[in-house]
Amino acid sequence: MMNAGKAHCAVLPRLPTLASMGFEGSSVAKDEVPELVKGSFLKRVPEEQVVLQLPPPFLCDPFEHVIVINLEDDRGKGRRDHMVREFEKAGVKKYNFFPAVDFKKDDQLNRELKNILGLCTNPARCHNTLGCAMSHRRVYERPGVTWATKEDDAGLAGNFSQRLGEAAMAGMPNFDIMLLGWCHTKKDKGAHPPDQSSVPTLKNGWPGMCIHAYVISIYGALMMSQANSPIQITPDAVMDGAHHFHNRTRTHINRHGMTGAYWFTDPLMAWQDVDADNLGGGV
């Protein structure tokens, strides 16, 4: 996932006052919150203190919170080294690894899987896939920020940081999730985009499956974690609210259309790297 955009990034837990942002004529002094009494009259702002000016936009740094899901032990080292090389090539300097779920050992995953009878007709494949989904959900459960998340087999496009940074500086829409990579079919997973130089256009919609590199807001994280608790579907399928929300989240939304604010970059900014897939230790 990646942090994103301007003004509409849902990162702050509360709105700042004008005074706290440096406006001298603010009607509310910094760290001063007027006490409101039920049913009382509020005081008008004195004429000389009226500020007819918008506060500066809150600009989210798309590279402030970059997370890679990766097995914490030696099994994940090959892919960890792969992502370090990708970040060096892409100019991404701040990132963290997040421990991937080991589906054979994770107590919470196995406990949740037992709650849904008949879920896994192929237990080994199912548990591995839903272990991946649990890894993503645990990232969503981290409080209070917008995350840029990548699986540890992602390949990043040329001039990744500069191009994505320019797209963010131009302003980001309200979004739940912004896909930086996706697959139209399983054969597309390792396909490199022919265009690796232009600043990506942000488009509304759901372009295809896969969820190996994306930006998610706190609203999107809440939606995706609610819809997949207890765990039962792959992380990309959670976006299909028409079939998978099960009245756990956003019950007011018409299920005949898209059930979230889904956006994607055109061209692709990331793909699933075939060489990294062969390193083992996948999540």
Side-chain angles (χ1 to χ4, degrees), residues 1-6 60-70 78-95 132 136 139 146-173 175-217 220 234-240 258 260-279 282-283:
M1 301 162 185
M2 291 186 84
N3 225 338
K6 186 186 283 187
C60 300
D61 180 357
F63 304 103
E64 185 175 1
H65 300 289
V66 179
I67 281 186
V68 180
I69 298 171
N70 177 259
R79 292 189 177 207
R80 224 168 17 250
D81 293 343
H82 160 76
M83 289 309 304
V84 169
R85 291 191 296 270
E86 287 295 307
F87 286 142
E88 287 177 352
K89 179 185 72 176
V92 177
K93 298 178 181 178
K94 289 174 57 180
Y95 56 88
C132 176
H136 284 258
V139 174
T146 304
W147 295 102
T149 302
K150 303 187 191 322
E151 293 184 346
D152 56 9
D153 60 349
L156 305 181
N159 297 316
F160 179 88
S161 296
Q162 180 181 354
R163 294 164 62 202
L164 191 59
E166 288 186 27
M169 287 295 294
M172 303 286 277
F175 69 94
D176 289 318
I177 189 165
M178 179 86 62
L179 293 174
L180 307 178
W182 64 90
C183 318
H184 293 295
T185 67
K186 290 183 179 181
K187 294 180 180 180
D188 294 337
K189 283 188 176 183
H192 295 210
D195 180 358
Q196 296 199 37
S197 60
S198 64
V199 175
T201 300
L202 307 181
K203 296 185 176 181
N204 183 234
W206 186 12
M209 60 183 184
C210 302
I211 194 166
H212 47 274
Y214 58 98
V215 186
I216 192 165
S217 72
T234 60
D236 52 346
V238 183
M239 297 175 68
D240 183 3
M258 282 196 302
Y262 304 148
W263 292 75
F264 62 97
T265 59
D266 184 18
L268 285 167
M269 296 296 291
W271 55 88
Q272 289 182 291
D273 192 282
V274 175
D275 292 333
D277 269 342
N278 294 329
L279 293 174
V283 299

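No hydrogens, no waters, no symmetry mates; every other heavy atom, side chains included, goes into these values. Everything numeric here is computed off the predicted structure, so don't read it as measured data.
- In this structure a side-chain-to-backbone donor-acceptor pair under 3.5 Å is present from Asp176 to Ala261.
- Checking side-chain atoms of Asp236 against main-chain N and O of Val238 turns up no donor-acceptor pair under 3.5 Å.
- Counting only heavy atoms from C-beta outward, the side chains of Ile211 and Ile177 approach each other to under 4.5 Å.
- Using a 4.5 Å heavy-atom cutoff, the side chains of Arg79 and Val68 are not in contact.
- Between His212 and Ala154, the shortest heavy-atom contact is O-CB, 4.2 Å.
- Taking CE of Met269 as the reference point, atom CG of Asn159 lies at 8.5 Å (rounded to 0.5 Å).
- Applying the side-chain contact (heavy atoms from CB on, under 4.5 Å) test between Phe87 and each of Phe63, Tyr95, Phe160 identifies Tyr95 as the sole match.
- Across all their heavy atoms, Cys183 and Gln272 have their closest contact at SG-OE1, 4.0 Å.
- A donor-acceptor pair is defined here as one N or O able to donate and one able to accept, closer than 3.5 Å; no such pair exists between the side chain of His192 and the backbone of Ala157.
- Residues Pro173 and Asn204 fail the side-chain proximity criterion, which asks for heavy atoms closer than 4.5 Å.
- Shown here for Leu202 and Trp263, the closest heavy-atom pair between the two residues is O-CZ3, 3.7 Å.
- Residues Asp152 and Ile69 fail the side-chain proximity criterion, which asks for heavy atoms closer than 4.5 Å.
- Under 4.0 Å is where a charged nitrogen must lie from a carboxylate oxygen, and between Lys89 and Glu86 at least one such pair does.
- Taken to the nearest 0.5 Å, the CE atom of Met178 stands 10.5 Å off from the CZ atom of Phe264.
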Step by step, would you call Thr265 with Thr201 a side chain to side chain contact (heavy atoms under 4.5 Å, CB included)?
CA-CA 6 Å; Thr265 59; Thr201 300; over 6 Å; no

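- Counting only heavy atoms from C-beta outward, the side chains of Leu156 and Lys150 approach each other to under 4.5 Å.
- Under 3.5 Å, the side chains of Asn70 and Arg80 contain a donor-acceptor pair of N or O atoms.
- Leu164 contributes atom CG, which lies 12.5 Å from atom CE of Met169 (distance to the nearest 0.5 angstrom).
- Of all heavy-atom pairs between Pro200 and Arg163, the closest is CD-O, 3.6 Å.
- Note that CG of Asp266 and OG of Ser198 are 8.0 Å apart. Values are rounded to the nearest 0.5 Å.
- Once rounded to the nearest 0.5 Å, the distance linking CD1 of Ile216 with NE2 of His65 reads 14.5 Å.
- Considering only heavy atoms from C-beta on, Ser161 stays 4.5 Å or farther from Lys93 through its side chain.
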